[in-house]
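This chain uses plain numbering: 1 for the first residue, then up along the sequence.
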Amino acid sequence: MPEAIASQGPTTSNLADILERVLDKGIVIAGDIKIDLLDIELLTIRLRLFVASVETARKAGIDWWETDPALSTRAARDEMEQENRMLRERLEALESGDRDRDRDRERESAGERNRDREPAGERNRGRETAGQRGTSGAGA
């Protein structure tokens with residue numbers, strides 16, 4: 001008979017069972033801390049703690065650890081790929097600007113080379129001003 005009484009008593013759970021149950025169901029701990037001085041609020045801290053397994057957290061729509069580069073290698077890789085893509089775009093834009101400047105410089109230097117090849121008389125004739133033409137005509 002004493003054995004029957006012992007089996008009807010409260011069941012004891014060890015820490016592993018309690019932890020399994022908490023992680024399976026999830027638990028929320030919430031609290032606020034306020035510090036006031038003479039009815040003036042100096043500091044308010046709102047605490048919200050959600051303890052659950054990864055599967056339970058996903059069911060609740062929480063998955064921030066997957067997008068945090070400090071916690072996820074995939075997120076870190078994605079962030080690095082995005083940064084590399086942006087840097088490549090900037091480099092391409094800079095290089096295309098350099099190519100445009102180089103093309104303009106080549107055109108300018110080609111123009112200068114063509115001017116250097118002209119006979120001196122033709123170069124000077126094109127550069128005469130109206131005042132120079134008037135003085136050269138008066139002397140002749």
Task: Nearest non-hydrogen partners of F50 and A60, listed with the distance - done: CZ-CB, 4.3 Å

Open item on the list: Show the nearest heavy-atom pair for residues A57 and A52, with the distance to one decimal.
Closed with: N-CB, 4.4 Å

TODO: Starting from V51, walk the hydrophobic network (Ile, Leu, Val, Met, Phe, Trp, Tyr; side-chain heavy atoms closer than 4.5 Å) and list everyone else you reach, by chain and number.
DONE: I18, L19, V22, L23, I27, I29, L49

In Å and rounded to the nearest 0.5 Å, what is the [atom1] to [atom2] distance from [X] to [Y]?
X: E20; Y: K25; atom1: CD; atom2: NZ; value: 11.0 Å
X: E89; Y: L94; atom1: CD; atom2: CG; value: 12.0 Å
X: L37; Y: L43; atom1: CG; atom2: CG; value: 12.0 Å

Task: Contact list for residues 46-62, test salt bridge (Lys or Arg N to Asp or Glu O under 4.0 Å), sequence neighbours left out - done: D32-R46, D32-R48, R58-E66

Open item on the list: Can you pull out every salt bridge (Lys or Arg N to Asp or Glu O under 4.0 Å) where at least one residue sits in residues 33-45? Sequence neighbours excluded, please.
Closed with: none

TODO: Check whether any side-chain heavy atom of Q82 sits under 4.5 Å from a side-chain heavy atom of R85, and report yes or no.
DONE: yes

Open item on the list: Test of understanding: clusters of I, L, V, M, F, W, Y form through side-chain heavy atoms closer than 4.5 Å, transitively. Do I62 and V28 belong to the same one?
Closed with: yes

Open item on the list: Is it true that, when you exclude E81 itself, more than 12 heavy atoms of the residues, nucleotides or ligands shown sit nearer than 6.0 Å to its CD?
Closed with: yes

